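None of the values given here were measured: they were computed from a predicted structure.
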Amino acid sequence: MGKDLKGKELGKGIVQRPDGRYMARYTDRFGRRRTIYNDKLRDLKRSFEEAVYKDMREVNGNGINITLNEWFEIWLETYKVNKVSPKTIYKNRSYYNSRVKGTLGCMYLKKIKLIDVQKLINGLFDVGLGYNTIANIRTLLSEIMNKAVANDYILKNPCKGIAMPKKVIKESRVLTKEEQKIFFNYAENYAHINLLKFEVTTGCRIGEVLGLKWDDIDFEERKLTIKRNLNYSKALQPDEGSKFYFGEPKNEYSKRTFYVRDEVYNILQNQKQKQLQMRLRKGDLWNKNKEWEGLVFTTVDGRPINYGNIREAIFSIVEQINMVEIEMAKQEGRKPKKFENLSTHTFRHTFSTRCLEHGVKPEVRDAILGHSLGGMLGIYTHVTFEEIKSETENLWILRD
């Protein structure tokens, strides 16, 4: 029992200090010593009783008021920065800022319940966000909350028990030979036509294409090596904007070397001439940033190309195709045949399909594409450059 300065019993945990103030101490359920002060004994006892009661009944952690947004920044700095790749950090921030920050992020951690997270997830499906993207957001939130539990901000992860609808697997968009011919006829005057042709004739990922440098190509030996990705995303710090940066290829199999057959050789030679002409026209205005020096595919002033611009151009080409088709259908008195939209990844699937149609061995095709072993046909770690050359030397994708 504690006592006041006159020796009067005040109750367990309560004492009066030499300066006359009353002090109450207790150990919370996390093993931490807590201290409460007050000039008035009655007020101190009330505060003390409330604190002990809340500690005994509290189900949402240590009671510290911190919002999810505040905790996200702490979590990112403590558990991610200098521990994962910049690309992972950019993705985490992008997912969080675009879908969580303005909604759930404004709530206090200890107030967030399962139903709150479920409503967020349901809303993402309602606006048509892709299943994989939503699953990534759920995983991100769960990881953030797990660390909040470990740090005693909350006792239970509110992401556990989230209901996700059944995933609908959509068939990958592949251009038929007719669609392929139509698209590239309409795209012929596009500024980056060589980039699109390179994609569909090699099956490379868009980031690999944008990050390709002339030094990665040995024209004499007809060898091309994929070494990096070019990304454009939110910067590491919240007050910075988006920026370009090089990253590692998707997986260990993505770093690969394949044969530059005639079709690809011609596209690259055309691009080299085109880029030289642009460089001569721009003169001193040509890119002087050494980081971007030597890129195969660039803007008119030698800078990296933003993937978003490529995507918008593809949509524009498809829109033009459909506008002409609608007008022709009117004149011919028939129903127009819609040209379905596509993405840069469509070219990768199209290349894969053309390979199979031309009898290229699946393991060789996968080696060119840089597929991981999981779920793909064949184990191709032993596929040699000569085998790739032999299988693809006479392969033409864009030829009629």
Side-chain angles (χ1 to χ4, degrees), residues 132 169-184 193-229 248-271 296-297 340 342-400:
N132 289 339
I169 301 176
K170 295 182 180 180
E171 187 175 349
S172 300
R173 171 87 161 103
V174 174
L175 294 176
T176 64
K177 291 182 179 180
E178 180 186 2
E179 286 179 322
Q180 183 179 292
K181 183 177 180 180
I182 292 172
F183 179 87
F184 282 96
I193 181 62
N194 285 333
L195 184 152
L196 300 183
K197 287 182 176 180
F198 181 83
E199 272 198 281
V200 81
T201 56
T202 63
C204 289
R205 301 175 179 92
I206 183 62
E208 297 169 346
V209 177
L210 296 176
L212 186 68
K213 292 191 174 186
W214 292 113
D215 289 344
D216 303 329
I217 308 166
D218 185 333
F219 284 103
E220 186 175 343
E221 295 292 330
R222 291 291 189 96
K223 293 182 177 181
L224 187 151
T225 302
I226 298 299
K227 298 179 179 179
R228 73 190 70 78
N229 281 322
E248 291 291 312
K250 186 176 181 180
N251 54 56
E252 60 180 303
Y253 305 104
S254 297
K255 292 183 178 181
R256 60 200 187 277
T257 298
F258 56 82
Y259 175 66
V260 179
R261 60 191 197 280
D262 288 346
E263 182 176 35
V264 178
Y265 180 90
N266 293 338
I267 293 169
L268 290 171
Q269 287 295 330
N270 183 275
Q271 175 62 17
V296 174
F297 300 103
E340 296 295 333
L342 60 134
S343 68
T344 56
H345 216 63
T346 300
F347 298 127
R348 183 169 166 83
H349 292 303
T350 299
F351 171 77
S352 177
T353 300
R354 296 290 100 85
C355 282
L356 293 180
E357 292 172 349
H358 285 82
V360 176
K361 294 178 181 177
E363 61 268 27
V364 172
R365 177 205 61 178
D366 288 350
I368 297 171
L369 290 170
H371 277 156
S372 61
L373 297 181
M376 306 312 298
L377 297 173
I379 297 177
Y380 59 80
T381 53
H382 61 282
V383 172
T384 65
F385 175 80
E386 291 302 321
E387 286 180 281
I388 295 176
K389 178 180 178 180
S390 176
E391 282 289 301
T392 63
E393 194 165 14
N394 297 316
L395 175 65
W396 288 79
I397 303 297
L398 293 174
R399 178 181 285 178
D400 293 341

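- Gln271 and Val296 get closest at one heavy-atom pair: NE2-O, 2.9 Å.
- From Asn394, atom CG reaches atom NZ of Lys389 across 11.0 Å, with rounding to the nearest 0.5 Å.
- Within the 4.5 Å cutoff, no side-chain heavy atoms of Asp366 are placed close to those of Val383.
- Of the possible polar contacts, one joining the Glu263 side chain to the Leu398 backbone as a donor-acceptor pair under 3.5 Å is found.
- With hydrogens and angles disregarded, a donor-acceptor distance shorter than 3.5 Å links the side chain of Gln180 to the backbone of Ile397.
- Of all the heavy atoms in Gly211 and Asp216, the pair that sits closest is O-OD2, 4.3 Å.
- Looking only at distances, no side-chain donor or acceptor of Thr350 sits under 3.5 Å from a matching main-chain atom of Val200.
- A salt bridge does not link Glu363 with Lys361: every distance from a Lys NZ or Arg NE/NH1/NH2 to an Asp or Glu carboxylate oxygen is 4.0 Å or more.
- The CD1 atom of Ile217 sits 14.5 Å away from the NZ atom of Lys223 when rounded to the nearest 0.5 Å.
- Between Leu196 and Glu199 the shortest side-chain heavy-atom distance falls below 4.5 Å.
- Using a 4.5 Å heavy-atom threshold, the side chains of Thr346 and His349 count as separate.
- For the pair Gly370 and Ser254, the tightest heavy-atom approach, listed with the atom from each and the gap, is O-OG, 3.6 Å.
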Passes side chain to side chain contact (heavy atoms under 4.5 Å, CB included), Ile226 versus Phe258? Steps please. CA-CA 9 Å; Ile226 298 299; Phe258 56 82; 4.1 Å; yes
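- Heavy-atom minimum distance, Gly359 versus Glu391: O-OE1, 3.7 Å.
- Not one N or O on the side chain of Thr392 forms a donor-acceptor pair closer than 3.5 Å with the backbone of Leu395.
- Of all non-hydrogen atoms in Phe219 and Tyr265, the two that sit nearest each other are CD2-CE1, 3.5 Å.
- Here the side chain of Asn270 pairs no donor or acceptor atom with the backbone of Ile267 at under 3.5 angstrom.
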Could you walk me through whether Thr353 and Leu175 pass the side chain to side chain contact (heavy atoms under 4.5 Å, CB included) test, one step at a time? CA-CA 9 Å; Thr353 300; Leu175 294 176; over 6 Å; no
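- Although no hydrogens or angles enter the test, the distance criterion places a donor-acceptor pair under 3.5 Å between the side chain of Arg173 and the main chain of Glu340.
- Side chains of Leu224 and Thr202 form no contact here, defined as non-hydrogen atoms less than 4.5 Å apart.
- Taking the charged nitrogens against the carboxylate oxygens, Asp262 and Arg222 do have a contact shorter than 4.0 Å, which makes a salt bridge.
- The heavy-atom pair separating Arg256 from Ala367 by the smallest distance is CD-O, 3.3 Å.
- Rounding to the nearest 0.5 angstrom, the gap separating the CZ atom in Arg399 from the OG1 atom in Thr201 is 13.0 Å.
- Checking side-chain atoms of Arg348 against main-chain N and O of Leu369 turns up a donor-acceptor pair under 3.5 Å.
- Atom-to-atom distance recorded for Phe385:CZ and Thr225:OG1 is 9.0 Å, nearest 0.5 angstrom.
- In this pair, Phe184 and Phe347 present their aromatic rings tilted. The plane angle is within the 30 to 60° band.
- The line from CD1 of Ile388 to OG1 of Thr257 is 8.0 Å long, rounded to the nearest 0.5 Å.
- Dense packing is recorded around CD of Glu357, with more than 12 heavy atoms of other residues, nucleotides or ligands lying under 6.0 Å away.
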Checking side chain to side chain contact (heavy atoms under 4.5 Å, CB included) for the pair Asp218/Val260: CA distance, chi angles, key distance, verdict? CA-CA 9 Å; Asp218 185 333; Val260 179; over 6 Å; no
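- Residues Lys213 and Lys227 fail the side-chain proximity criterion, which asks for heavy atoms closer than 4.5 Å.
- At distances below 3.5 Å, not a single donor-acceptor pair connects side-chain atoms of Arg261 with backbone N or O atoms of Glu393.
- Using the six-membered ring where Trp is involved, Phe198 and Phe297 have ring planes that are tilted, between 30° and 60° apart.
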